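So you know, we letter chains A, B, ... as the sequences are listed, proteins then strands, and number each from 1. Here the structure is a predicted model, which means the values were calculated and not measured.
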2 protein chains.
Amino acid sequence: MIEGSPVPHEPPIYRRIADRLRQAILSGELRDGDRLPGENALMSEYGIARATARQALAVLINEGVAVPKRGSGVYVRQFRPIRRHGSRRLAREQWGAGRAIWDSDVSGRPYTVDELLIAREPVAEDVGRVLDCDEVWVRRRRYSVDGRPVQLAASHFPAALVEGTPVTTPDTGAGGVYARLRDLGHAPVHFTEEVRARMPAPEEAARLRLPAGTPVIEVCRTAFAAGGAAVELNKMIMDAASYVLQYDFDA
Amino acid sequence: MIEGSPVPHEPPIYRRIADRLRQAILSGELRDGDRLPGENALMSEYGIARATARQALAVLINEGVAVPKRGSGVYVRQFRPIRRHGSRRLAREQWGAGRAIWDSDVSGRPYTVDELLIAREPVAEDVGRVLDCDEVWVRRRRYSVDGRPVQLAASHFPAALVEGTPVTTPDTGAGGVYARLRDLGHAPVHFTEEVRARMPAPEEAARLRLPAGTPVIEVCRTAFAAGGAAVELNKMIMDAASYVLQYDFDA
DNA sequence: TAGTGGTCTAGACCACGGA
DNA sequence: CCGTGGTCTAGACCACTAG
């Protein structure tokens, strides 16, 4: 064949429509909470079938740029994160006062604990690799801000360590579980946080009421006592659209 | 109306199929790289239309659990992350030797810099809020591991600070840009990293060759000199499936 | 060449939300 | 009530991959 097509492969219609809409959003032409053209509008404007219009909107929805509301329309999504500090001690105001990349107006608002489940369990494989024990006490909670769930957390403690202490009860007392670990002579002196991001499992999406196209941030925080033993492993799943994690450290 | 439907709303067919397939993956029945049932197989197995079978597979693809290959099939995706340490100084081996939640076999493999672009530019709004200047020198690079792109990075420096220094040239010399900043009397003594996760913009997805359903991790790292002035802002975009970030800090 | 996924059409019925 | 998005069917043509 001599006549190859030298055309640099035009993207399909639904992509070009999605690109146009995204551009309108990024340029500020469409702003937070604005309504996008609906399926019917796209069908008539571009002379396409319903499924194609849906496909264009699905692109933006799966990107987390837009969010659909049944019976109403598709809307521009907003990003107003909570700022979570890894190491409070190092995050002094003197470093970059008012100089954050992302604004966060939810910072400092009170959390509420929606759900709380405490149980003694055999240790899961990945947790066992860190805590080095056979049984754990687990405190599972869901946190909400302004009535919207934002985080699932599961704190794991070696069962032998916390058996019969307030750590295994709903009210852990002043200072929380870390103060109780200190009372037991195992005060945490060092923390390691492992951070990754991924798409949520359906159960996570349901519990966090995540719209499509929203990743979660998974933070696994290990607390170490002075001897080097791991005394707590906290697995946190956060709505990525609701959080900015901040870490401070010296050179 | 008296006869309301008391049924707790069964999920649609495509979701139930997606759930079954996901379960098969999570349970290990289908393993990394295995081929999933194709569209035709699902059509005949469940007696559904093509679009419905596609919809089921699209769920898994958008979750990042599966990845489609044209003309071949849909396959189970794998997760083999690189471990990136925020503060090397604090991440001593004594804390949790061999006790990470996620294995990472790519750790320590050499990066290569695929692309390098250096330019003097007017400062963007968000960067200007941090660096407090009108013009910046920007070093943009793309990093790859084993020939696969994993990270886009853009380092910004106040133009007045680095004008005429090796920071504005491809080869920055021994120790890199931080050593050059030190030579200039602006050695970084403190770092702040802001971390968020989101779905990639199409240009980012293209440059990182991301399959659908892969979020990116965005890390904005600010370096501060002794006086408290911000001397560098590095915006990094990472393939979330390729990275685990680790942060260590003391209580 | 046969089978795969990628795109697209032209219909249909449903549940939900706002006016 | 009507318009919205959510689900589904039954076709079609295409580009790509593998045997």
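- Salt-bridge annotation for R221(A) and E232(A): absent, with no side-chain N of the basic residue lying under 4.0 Å from a carboxylate O of the acidic one.
- If you take OH of Y46(A) and P of dT7(C), they are 17 Å apart, rounded to a whole angstrom.
- Residue-environment remark: CZ (R148(A)) stays at or below the threshold of 12 foreign heavy atoms within 6.0 Å.
- Between Y14(A) and dC8(C) there is no side-chain N or O to OP1 or OP2 distance below 4.0 Å.
- Note on N40(A): every side-chain N or O is 4.0 Å or more away from OP1 and OP2 of dG3(D).
- Side-chain N/O atoms of R15(A) and base N/O atoms of dG6(C) include no donor-acceptor pair closer than 3.5 Å.
- With D19(A) as reference, R22(A) is the one residue of R15(A), Q23(A), R22(A), R16(A) to meet the side chain to side chain donor-acceptor pair (under 3.5 Å) rule.
- Between the side chains of Q151(B) and Y111(B), not a single donor N or O lies within less than 3.5 Å of an accepting N or O.
- If you take CG of L57(B) and P of dT4(C), they are 12 Å apart, rounded to a whole angstrom.
- When all heavy atoms are compared, the tightest approach of M199(A) to G64(B) is CG-N, 4.5 Å.
- Close to dG6(C), at under 4.0 Å from its OP1 or OP2, lies a side-chain N or O of R54(B).
- L42(A) places its CG atom 17 Å from the P atom of dG3(D), with the value rounded to the nearest Å.
- You'll find the side chain of R141(A) reaches within 4.5 Å of the side chain of S155(A), heavy atoms only.
- Close to dT9(C), at under 4.0 Å from its OP1 or OP2, lies no side-chain N or O of R50(A).
- Computed from coordinates, the Y75(A) OH to dC16(C) P distance equals 17 Å when rounded to whole Å.
- Rounding to the nearest 0.5 Å places CE of M43(B) at 7.0 Å from CZ of R50(B).
- Here the C1' atom of nucleotide dG3(D) and the CD atom of E39(A) are 11 Å apart, to the nearest Å.
- Summary of the strand contacts: A53(A) and S72(B) both lie near DNA chain C, and taking for each the nucleotide with the nearest heavy atom, the more 5' one is attributed to S72(B).
- Between I61(A) atom CD1 and dG6(D) atom P the separation is 6 Å, expressed in whole Å.
- Counting heavy atoms from C-beta on, the side chains of L21(B) and L57(B) come closer than 4.5 Å.
- R139(A) and T172(A) form no side-chain donor-acceptor contact under 3.5 Å, judged by distance and modelled atom types alone.
- Counting heavy atoms of neighbouring residues, nucleotides and ligands inside a 6.0 Å radius, atom CD of E29(A) does not exceed 12 of them.
- Here the P atom of nucleotide dG11(D) and the CE atom of M43(B) are 10 Å apart, to the nearest Å.
- Rounded to whole Å, the distance from CD1 on I17(B) to C1' on dT7(D) is 12 Å.
- At the heavy-atom level, I13(A) lies under 4.0 Å from the strands shown only through sugar-phosphate atoms.
- Residues of residues 63-71 of chain B that place a heavy atom closer than 4.0 Å to DNA chain C, in numerical order, are P68(B), K69(B), R70(B), G71(B).
- Residue R35(A) places its side chain closer to dT4(D) than to any other of dT4(D), dC8(C), dT9(C).
- Considering only side-chain N and O atoms, T52(A) lies under 4.0 angstrom from the phosphate OP1 or OP2 of dT9(C).
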Taking Watson-Crick and G-U wobble contacts under 3.5 angstrom, with | marking pairs to another strand and [ ] crossing pairs, the secondary structure of DNA chain D is written ||||||||||||||||||.
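- Each of A51(A) and V74(A) has a nearest nucleotide on DNA chain D; the 5'-most of these lies closest to V74(A).
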